[in-house]
Amino acid sequence: MAIVIEGLEKIYRVKRGADVRALKGVTFNLPDRGMVFILGKSGCGKSTLLNVLGGLDGFDKGDVKIDGQSIKDYKAKDLDRHRNNYVGFVFQENNLLETESVQRNVGLALDLQSSKDSDGRVAAALESVGLKDLAKQKCNRISGGQKQRVAIARALIKQPKLLLCDEPTGALDSETGEEIFCLLKELSGDRLVVVVSHDRESAEKYGDRVIELKDGQIISDSSPLEQQSEKANENEQTEKKKRGGLRFARAYITGVSYIIARPIRMAICLLLCLITFTCAGVIDTIYAYDRDKAMLYTMDKMGSKCYAFARAVKLDNDTYELEKYKMPKWDADELASLLDVDRCDYIYYVDNYTLFLTPNIGDLPKELVGEKYYCVNGYVEADESFAEDYGFNLVAGRFAKTTGEVVLPLFLFNFFKTYGYVDGGNLVKINTYDDLIGREIRFATHKATISLTLTGIIDTNFIFEKQAEVLFGGTPPYGKNGADFRSDMQAIDMDMIHNTMFVCNGFYNYFTTEYTNEYNSDATVLRVLAPYKGSDAQKLKNIRIYATQYNGQPVGGDEQDGTCYHLVNYCGDRICNAEDTFNRIKNYAAYAVAVLVTVSALFIFYYASGTISDKRREIGILRALGASRRDVVKIFACEHGTFAAGAIVISLTIGAILTTLLDNSFMQAYGLGTAFISFGIRQISVVVAVAAFAVVVGVAVPLIKLLIKKPVDVIADRK
Ligand code: ADP
Ligand code: MG
């Protein structure tokens, strides 16, 4: 190692006041080894010179060449490496990490080289400065002279070729000072030691050479060196040590220790972040709410076997009302053509109201008389293929073959089972299906009675327990033994499949002709039925035919006359009600989250500025020891990354719990025992993204401000 300094000039530009010319053309060479003193009064430029030599500070004119290579050509990376591998610094203030052990302070230099202390180098370095026994001691527990020895050991551990000492004994009493000089003298046997001092006596006693500075210029040199060949020692130049940067474990421990440096700021910041991240996740569940998927999920959960569609009409601009009772056959045909299904069936309309089973039903409780729940709403032409395609089970008898025959759904059979069958004034108890099959079932309309023979009973999959679970959260609101069908019917009145009658093919033609005077109407279809089958995509496509009273877009139909079609079932309306509420929440929720994120980012900024300014000196020491900007970023990334990860984990937990609670209250509010919102992968991503955004934005500014400073300014804590 040969160092050539040529016409070095350094000007400090002072914001207010005259610029300071700290070095005014300094030229000299330095040998490979020995102890060189730079002597001079305070303010003459000694420290400046040393900082330039060590790569802690830049210069304005002239050059410093190390092994023939100009420092000016060094990139930031090369300067870091220069500090890390070739130079050891010892400052007047020892610049130790006070709260760490002697051993750790020395080991830090190794961490910065990404190397482990496998060969006992720390112990060896401590031994060489006579501190073997104090390895585990905290630095704030040892004397000034011992601290300076630790600082020397730390500088030595990298086996630097150049040891730069800036008034190393300045803070020590003269006796301890002597010891340090002795130690440095000893070390200068196989390396170059440059000592800055204003102690002429020691300089002359220990120095192999004394260079005196005054006002930024050399005024004397005890044994100047001849100009060396610039191409000195090519071997050494190529032997650049590799350097991997700060070890992760070290960066992590350091970063994490910073988290609690400002506990109050940290706590406030954490609280804010938790609120923000949790809100972002929970609110996103509402944004993620998909009405149609909720419908699909609900129908699946209810074990639905068929869709039922009706027509809706436009009331005003975007309000549609379900036409519960009937639609013309051509609308039903159009609706059927819009569906992605294999077959469609119609529930035909029979009367202005319904066909009551009153003539045959026994002891009907008073409160049920006059209710329309023990009646048929309409009829479906059905045969074996119907049962097969829909997955309905004919539990007894056979399908109707003539217009005088009928099959009743299990739901209605249960009325007879509960209340008995009236046969010409005699009450007959009905226990089994066969007790009823073959009997005449009379339906009362307002004008006449229709009489049909019962040939079979079909199970339309009215699983009350299953529906109750979805609709009422598992508590059926009906009376003893399922006898009170009133609430059940509220649930099933919409799709009408459970109280329709099943008749033979051709019944529609027969019925409309036979009863032509009374039932002559274009509007003859109550519901369009289709099997609820196929892939989720197919189901969703059908579910989307779903204009609603609230905000559905009309599908099909004639927009001119305001018709559209509507999937009807009891849950559908509730699901739409919920969507309406969600839409209202959505109107302002995004703004609320945006405000929260901004406030959090500001607080993270405040918190990060706090730790960064607290740790400025420590960072400065690391930089002097050779830490690169990347190393510093690593440390703060570990700090804030850990902070953010903690906040994210807690927020996700709270978010998931909160979502469950919220979902339960939605289910209660809308009388549905099925989930509305759920906390999933999407919400986790949202929380992580929001957290990353807030933390990066909050930390970036103070960190960049720190990074653009020169190491010398960071150590000196200059703004
Ligand atoms: P020494 O170490 O010999 O006491 P320095 O090298 O620290 O002297 O300082 C040389 C001159 O430069 C002094 O006049 C000092 O006030 C000035 N100086 C040092 N650092 C700065 C700085 N960052 N900004 C402005 N002036 C500075
Ligand atoms: Mg100084």
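Start at 1 with the first residue, then count along the sequence. Atoms within each ligand, like the ligands themselves, are counted from 1 in listed order. It should be emphasised that the depicted structure is a prediction, and the values quoted were computed from it without experimental measurement.
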Next item on the list: With salt bridge (Lys or Arg N to Asp or Glu O under 4.0 Å) as the test, would you mind laying out the steps for Arg209 and Asp221 before giving the verdict?
Entry: CA-CA 7 Å; Arg209 177 177 167 195; Asp221 190 340; 2.8 Å; yes
Next item on the list: Step by step, work out the salt bridge (Lys or Arg N to Asp or Glu O under 4.0 Å) result for Asp215 and Lys41.
Entry: CA-CA 9 Å; Asp215 289 335; Lys41 290 207 181 85; over 6 Å; no
Note to self: I'd like to know whether Phe181 forms a ring-ring contact (aromatic ring centres under 6.0 Å, His included) with Phe37, so could you lay out the CA-CA distance, the side-chain angles of the two residues, the decisive distance to 0.1 Å, and finally the verdict.
What the structure shows: CA-CA 11 Å; Phe181 279 136; Phe37 269 78; 5.6 Å; yes
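Tyr607 and His640 have perpendicular rings, their planes meeting at more than 60° on a 0 to 90° scale where under 30° would count as parallel.
Residue Gly43 has at least one N or O atom closer than 3.5 Å to an N or O atom of ligand 1. Distances between N or O atoms of Cys44 and those of ligand 1 include at least one value under 3.5 Å.
Near Ala22, with a cut-off below 4.0 Å to any heavy atom, the atoms of ligand 1 are 10 (C), 11 (C), 12 (O). Listed by number with element, the atoms of ligand 1 under 4.0 Å from a non-hydrogen atom of Ser42 are 4 (O).
Residue side and main chain included, Thr48 places no N/O/S atom under 2.8 Å of the Mg ion (ligand 2).
Counting heavy atoms closer than 4.0 Å to ligand 1, residue Thr48 contributes atoms from both its backbone and its side chain.
Of all heavy-atom pairs between Leu274 and Ala647, the closest is CD2-O, 3.5 Å.
Taking the ring axis of Tyr606 as reference, the NZ or CZ atom of Arg265 stays within 45° of it and closer than 6.0 Å to the ring centre.
Taking 4.0 Å as the cut-off, Gly40 does not count as a neighbour of ligand 1 on heavy-atom distance.
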